[in-house]
Amino acid sequence: MSEDERLVSAAADGVEEQVIEAALRPKRLDDFVGQERVREQLSLVLQGALRRGRAPDHVLLSGGPGLGKTTLAMIIAAELGQPLRISSGPAIERAGDLAAVLSTLAEGEVLFLDEIHRLARPAEEMLYMAMEDFRVDVVVGKGPGATAIPLDIAPFTLVGATTRAGMLPGPLRDRFGFVAHMDFYEPAELEVIIRRSARLLDVEITDDGAAEVAGRSRGTPRIANRLLRRVRDYAEVRADGVIDRELARVALKLYEVDERGLDRLDRAVLASLLRKFGGGPVGLSTLAVSVGEEPETVEVVAEPFLVRQGLLARTPRGRVATGAAWAHLGLTPPPAAPLTGALFEMDDDAAAPE
């Protein structure tokens, strides 16, 4: 099972969902829910720039997918009254691609680069000069006869977004005047987002229905909106169209999303770890084989949320279930559970600390 195939995936899974997301996005900073500290700090940065009549510092937004980085980039452009140019790190393969984008920017325009940590090295080095001096050197010709022609570009604001802040080179990170990390949302914040999205989708939802959906949304607005749309489908087809707590529970049980936001793959990993390996420790490859998935799928798709929920731990000896995992699946840990790791053959990937 790939990340894009999961209902609880934080990735945008297709053009249709991106269109729906665009319709649900807040347009101004005052309408943006959650991320209170980031919102307040960003408001000061933008208001100060507007009062000075100059482009604000470049902005770097980091955090997991689905937390609102693209939405904030759009809001920054709207608050500044400037157009927004959107691109991404993987789409800029050569320095010339970046030069073509930068040379056509109007003064004050906002350039949004998603997944900026995946920018090609030549383009990244060109971006250093563009961010600092608003100038790029365009190389004409090849070999010994090549010449660099300096090209001035209009002052602009770069908004970079990354899900892997640690992969950003230091020189690039240091050129951003404002750096913000976006955290996962609290259920109460997601309830506000769900009620707002329900109004925009013309869906009637009760407060307890919104709370039920929010509690299963893994702290991510994108997942909250996706679950809301699936529950809406159930309400319109098999009920009277009103979403309350009981209907949300029944609908999300049908879609295999439990009360903590775990889906079929998450529960399969936990169940295998508990029932087949006594809670671990067990190596990643062995665990993956036991659920019929590739090790990378288990490590990248399932484990991050299980670790964040305190249901699974990565140790130098392998994966270990916590007491919360036993409780969540309604199982009683064996008396010797902490010692059962010695019974299992460990994989090479479990030998090194993580």
Item checked: Exam field: side chain T206 to backbone G209, donor-acceptor pair closer than 3.5 Å -> yes
Note to self: Could you check whether any side-chain heavy atom of L84 comes within less than 4.5 Å of a side-chain heavy atom of I86, counting everything from C-beta outward?
What the structure shows: yes
Notebook entry, point to check: Considering only heavy atoms from C-beta outward, does the side chain of L227 approach that of R216 to under 4.5 Å?
Noted result: yes
Next item on the list: Decide yes or no for L60 and I116: does some side-chain heavy atom of the first lie under 4.5 Å from some side-chain heavy atom of the second?
Entry: yes
Margin query: Has T322 got a side-chain atom pairing as donor or acceptor with G310's backbone, closer than 3.5 angstrom?
Written below: yes
Note to self: Just so I know, are the side chains of L80 and L46 near enough to count as touching, which here means a heavy-atom distance under 4.5 Å?
What the structure shows: yes
Check: So how far is it from W326 CH2 to L331 CG, rounded to the nearest 0.5 Å?
Finding: 6.5 Å
Check: Is it true that the NZ or CZ of R218 lies under 6.0 Å from the centre of F184's six-membered ring and within 45 degrees of the ring axis?
Finding: no
Note to self: Can a donor-acceptor pair be found, under 3.5 Å and without considering hydrogens, that links the side chain of D263 to the backbone of L265?
What the structure shows: yes
Notebook entry, point to check: Sub-3.5 Å donor-acceptor pair from the side chain of E93 to the main-chain atoms of A120, do we have one?
Noted result: no
Check: Can you name the nearest heavy-atom pair linking S88 to L113, along with the distance?
Finding: N-CD2, 4.1 Å
Check: Are any non-hydrogen side-chain atoms of R173 and H117 less than 4.5 angstrom apart?
Finding: no
Note to self: Determine whether L61 and F176 satisfy the following criterion, side-chain contact (heavy atoms from CB on, under 4.5 Å), listing intermediate values before the conclusion.
What the structure shows: CA-CA 10 Å; L61 304 172; F176 286 97; over 6 Å; no
Notebook entry, point to check: Under the 3.5 angstrom rule, does the side chain of S217 hit a backbone N or O of G215 as a donor-acceptor pair?
Noted result: no
Check: Should the heavy atoms of other residues, nucleotides or ligands under 6.0 Å from CZ of R238 be counted, would the total exceed 12?
Finding: no
Next item on the list: Please name the pair of heavy atoms, one in H58 and one in L158, separated by the smallest distance, quoted to 0.1 Å.
Entry: ND1-N, 2.9 Å
Notebook entry, point to check: Do the side-chain N and O atoms of R118 and T162 include a donor-acceptor pair separated by under 3.5 angstrom?
Noted result: no
Checklist line | Hphob cluster co-occupancy, F305 + L287, side-chain heavy atoms under 4.5 angstrom | finding: yes
Next item on the list: May I ask you to test the L306-L262 pair for a side-chain heavy-atom distance under 4.5 Å?
Entry: yes
Next item on the list: Show your reasoning for whether side-chain contact (heavy atoms from CB on, under 4.5 Å) applies to Y128 and L172.
Entry: CA-CA 7 Å; Y128 295 162; L172 178 58; 3.6 Å; yes
Checklist line | Closest contact, heavy atoms only, L29 versus E79 | finding: N-OE2, 2.8 Å
Next item on the list: Give a yes or no on whether the backbone of T104 and the side-chain of R85 come within a donor-acceptor separation of less than 3.5 Å.
Entry: yes
Next item on the list: Kindly compute the distance separating CD (E191) from CD1 (I205), expressed to the nearest 0.5 Å.
Entry: 9.5 Å
Checklist line | Residues E36, R39: salt bridge by 4.0 Å N-O rule | finding: yes
Note to self: For a quick test of reading the model, state the closest non-hydrogen atom pair linking F134 to A154 and the distance between them.
What the structure shows: CD2-O, 4.0 Å
Note to self: Distance check, rounded to the nearest 0.5 Å: D174 atom CG versus M131 atom CE?
What the structure shows: 10.0 Å
Notebook entry, point to check: Between R260 and Q309, is there a donor-acceptor pair closer than 3.5 Å when you use the side chain of the first and the backbone of the second?
Noted result: yes
Check: Would you say E294 has more than 12 foreign heavy atoms packed within less than 6.0 Å of its CD?
Finding: no
Check: Does one side chain, of S197 or N225, offer a donor that lies under 3.5 Å from an acceptor on the other?
Finding: yes
Margin query: Tell me whether D97 is salt-bridged to R94, with the criterion being a basic N under 4.0 Å from an acidic carboxylate O.
Written below: yes
Checklist line | Gap between atom CG of L200 and atom CZ of R196 - 0.5 Å precision | finding: 5.0 Å
Next item on the list: Grab the two heavy atoms, one from L105 and one from F156, that are nearest each other, plus how far apart they are.
Entry: CD1-CG, 3.7 Å
Item checked: Check: R28 side chain, A78 main-chain N or O, donor-acceptor pair, under 3.5 Å -> yes
Note to self: Using every non-hydrogen atom in the two residues, find where L42 and V59 come nearest and quote the distance to one decimal.
What the structure shows: CD1-CG2, 4.4 Å
Next item on the list: Please check if V8 and L190 belong to a single hydrophobic cluster, counting links between Ile, Leu, Val, Met, Phe, Trp and Tyr side chain heavy atoms closer than 4.5 Å.
Entry: no
Note to self: Between M74 and V101, is there shared hydrophobic-cluster membership here, with clusters defined by ILVMFWY side-chain heavy atoms closer than 4.5 Å?
What the structure shows: no
Margin query: Whether D114 and K69 form a salt bridge (side-chain N of Lys/Arg under 4.0 Å from carboxylate O of Asp/Glu) is what I want to check.
Written below: no
Notebook entry, point to check: When rounded to the nearest 0.5 angstrom, what is the spacing between OG1 in T315 and CG in L312?
Noted result: 9.5 Å
Check: Is there a side-chain contact (heavy atoms from CB on, under 4.5 Å) between R195 and D207 once you walk through the steps?
Finding: CA-CA 8 Å; R195 288 196 293 269; D207 288 345; 3.6 Å; yes
Note to self: Run T163 and S62 through side-chain contact (heavy atoms from CB on, under 4.5 Å) and show every step you take.
What the structure shows: CA-CA 6 Å; T163 55; S62 68; over 6 Å; no
Checklist line | Side chains of P169 and E124 in contact at under 4.5 Å (non-hydrogen atoms) | finding: yes
Margin query: Treating Y234 as the side-chain partner and L247 as the backbone partner, does any N or O pair qualify as donor plus acceptor under 3.5 Å?
Written below: no
Margin query: Looking at R245 and E212, is there a salt bridge between them, counting it only when a charged N and a carboxylate O are closer than 4.0 Å?
Written below: yes
Next item on the list: Give a yes or no answer on whether the side chain of Q35 reaches the backbone of D183 with a donor-acceptor pair at less than 3.5 Å.
Entry: yes
Check: Rounded to the nearest 0.5 Å, how far does CZ of F32 lie from NZ of K27?
Finding: 12.5 Å
Next item on the list: Would you indicate whether the side-chain heavy atoms of L111 and V159 approach each other to under 4.5 Å?
Entry: no
Check: Thinking salt bridges, do E115 and R164 make one under a 4.0 Å N-O criterion?
Finding: no
